[in-house]
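In listed order, ligands and their atoms are each counted from 1. Scope of the values below: all heavy atoms of this structure, side chains included, with no hydrogens, waters or symmetry mates.
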Amino acid sequence: MELKGKVALITGGARGIGKAIAEHLAAKGADLVIADISYDSAAETAKELASTGVRTLALKLDVSKSAEVSAAFESLMKEFGRLDILVNNAGITRDGLLLRMKEEDWDAVIGINLKGVFLCSKEAVKVMVKQKFGRIINIASVVAFMGNPGQANYSASKAGIVGLTKTTAKEYASRGITVNAVAPGFIATAMTDALAENVRQEMLKSIPAGTFGSVKDVAGAVAFFASPDSSYVTGQVIHVNGGMYM
Ligand code: NAP
C-alpha cells in the first residue's frame, strides 16, 4: 500500500499495457484516473478497478488534442485535487516503409505518441511544481534504440520521448519531480497472439530470454518509478526486453 493517498493518471489506460499498469498501481493503493480515447472502455476499466477498493475516475481523452488534455486535467483536479503520478502510455502504430509512408500516418503517430506526452506532461508539471512532488513515467520502446524497418514514424516518436524524458527530468529535478521512461521490447498482447507462427519464431530468435514479455513485466518497471524506492532516480530508461537490446 505504498501508493495509498497518491493519484495516478494513465493515458490509454483502458486496455493492454496501460490497464496492467493501472492494476499494478491500484494493488499498491493508488487512486486512478483512466483516460482513453474511448470513454466506454475507460469507464469499464475504471469500474473494474474500483471494485478493488481504490477511487477511480474515467475520462475521454485524445492525448493529441490540447483542448481535451486541458479539460481532462480540469476534471481530475476537480475530483481529486492533486496528481502525483502521470503515466504517458497512449500510443499507436501506423507502419509502412519510409518511401510509402503517408504524411498523415507520420503526423498521427507523432501527434499521439510524442506531442501527447508533451501536452500531458506540461499540464502535469503545472500541478506537480505546486505540490513539490511528482512522478512522470513515459512508455518508450526498444525500437527507439534499435530502429525497426517499417516504423520510421513510431521509432522517431519513441526516440523523441527519450529526449523529452531527459530534458523534463533536468528541468524539474529540483522541484521534487522525477521523469523516467520504460522501454518495452516485444510484449505478448493481442497483436503478438495474432502473428503467424513463423513470424513469432523469427521474433523469438532475437530475444535472449526466448520468450515475449508480459504486460505485467512492463507494469512492474513503471511501479518502481512510481514508488518511493526510486526517489533519487531521474532521466533514466529501464529496458524491459528479455535482453534483445542492452
Ligand atoms: P494498445 O493495446 O493498443 O492500447 C493502447 C490504448 O491507448 C488503447 O486503449 C487505445 O484505445 C488508447 N489510445 C489510442 N489512441 C489514443 C489517444 N489518442 N489518446 C488516448 N488513448 C489512446 O497498446 P499497448 O500494446 O498496450 O501499448 C501501450 C504503450 O506501450 C504504447 O505507447 C506502445 O507504443 C508501447 N509499447 C508496446 C509494446 C508492445 O509490444 N505491445 C512494445 C513497446 C512499446 P483504442 O484501443 O480504443 O484505440
Same cluster or not: are [X] and [Y] linked, directly or through other Ile, Leu, Val, Met, Phe, Trp or Tyr residues, by side-chain heavy atoms under 4.5 angstrom apart?
{"X": "Leu61", "Y": "Ile37", "answer": "no"}
{"X": "Phe186", "Y": "Val237", "answer": "yes"}
{"X": "Phe133", "Y": "Leu25", "answer": "no"}

Check whether any side-chain N or O of Ser214 sits under 3.5 Å from a backbone N or O of Asp217 as a donor-acceptor pair, and report yes or no.
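A pair under 3.5 Å: yes.
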
Distance filter under 4.0 Å to [X] heavy atoms, resulting ligand 1 atoms:
{"X": "Tyr154", "result": "33 (C), 34 (O), 35 (C), 36 (N), 43 (C), 44 (C)"}
{"X": "Ile92", "result": "14 (C), 15 (N)"}
{"X": "Ala140", "result": "44 (C)"}
{"X": "Gly91", "result": "31 (C), 32 (O)"}
{"X": "Ala90", "result": "20 (C), 21 (N), 22 (C), 32 (O)"}
{"X": "Gly16", "result": "2 (O), 26 (O)"}
{"X": "Ser141", "result": "43 (C), 44 (C)"}
{"X": "Ile112", "result": "18 (N)"}

Heavy-atom count check: over 12 atoms from other residues, nucleotides or ligands less than 6.0 Å from Glu44 CD?
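Open: at most 12 neighbouring heavy atoms sit under 6.0 Å from CD of Glu44.
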
Under 3.5 Å, N or O to N or O, is [X] touching ligand 1 that way?
{"X": "Asp62", "value": "yes"}
{"X": "Val63", "value": "yes"}
{"X": "Arg15", "value": "yes"}

Checking side chain to side chain donor-acceptor pair (under 3.5 Å) between Asn113 and each of Ser157, Ser64, Ser141, which is the one that passes?
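Among Ser157, Ser64, Ser141, the one meeting side chain to side chain donor-acceptor pair (under 3.5 Å) with Asn113 is Ser157.
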
Stepwise side chain to side chain contact (heavy atoms under 4.5 Å, CB included) check, Tyr172 with Thr234
CA-CA 10 Å; Tyr172 300 101; Thr234 196; over 6 Å; no

Between [options], which one has a non-hydrogen atom sitting closest to [atom]?
{"atom": "atom 32 (O) of ligand 1", "options": "Asn89, Val87, Asn138", "answer": "Asn89"}
{"atom": "atom 35 (C) of ligand 1", "options": "Asn113, Val69, Ile139", "answer": "Ile139"}
{"atom": "atom 10 (C) of ligand 1", "options": "Val215, Asp36, Ile34, Ile17", "answer": "Asp36"}
{"atom": "atom 40 (O) of ligand 1", "options": "Leu61, Thr93, Thr45, Ile187", "answer": "Ile187"}

How close do Arg55 and Glu79 get, counting heavy atoms only, and between which atoms?
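Between these two residues, the closest heavy atoms are NH2-O, 3.1 Å.
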
What are the two closest non-hydrogen atoms of Val109 and Thr93, and how far apart are they?
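The pair with the smallest heavy-atom distance is CG2-C, 4.2 Å.
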
Tell me, please: is [X] in heavy-atom contact with ligand 1, that is, under 4.0 Å?
{"X": "Ala35", "answer": "no"}
{"X": "Lys65", "answer": "no"}
{"X": "Gly185", "answer": "yes"}

Ring-plane angle category for His239 and Phe145, please: parallel below 30°, perpendicular beyond 60°, tilted otherwise.
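Geometry flag for Phe145 against His239: perpendicular rings.
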
How does Ala183 reach ligand 1, by side chain, by backbone, by both or by neither, if only non-hydrogen atoms under 4.0 Å count?
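For Ala183, there is no contact with ligand 1 at all, from either part.
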
Flag for Asp36-Ser41: side-chain donor and acceptor within less than 3.5 Å:
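No donor-acceptor contact under 3.5 Å links the two side chains.
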
Are Glu197 and Arg200 ion-paired here, with the side-chain N under 4.0 Å from a carboxylate O?
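Judged by the 4.0 Å cut-off on N to carboxylate O distance, Glu197 and Arg200 do form a salt bridge.
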
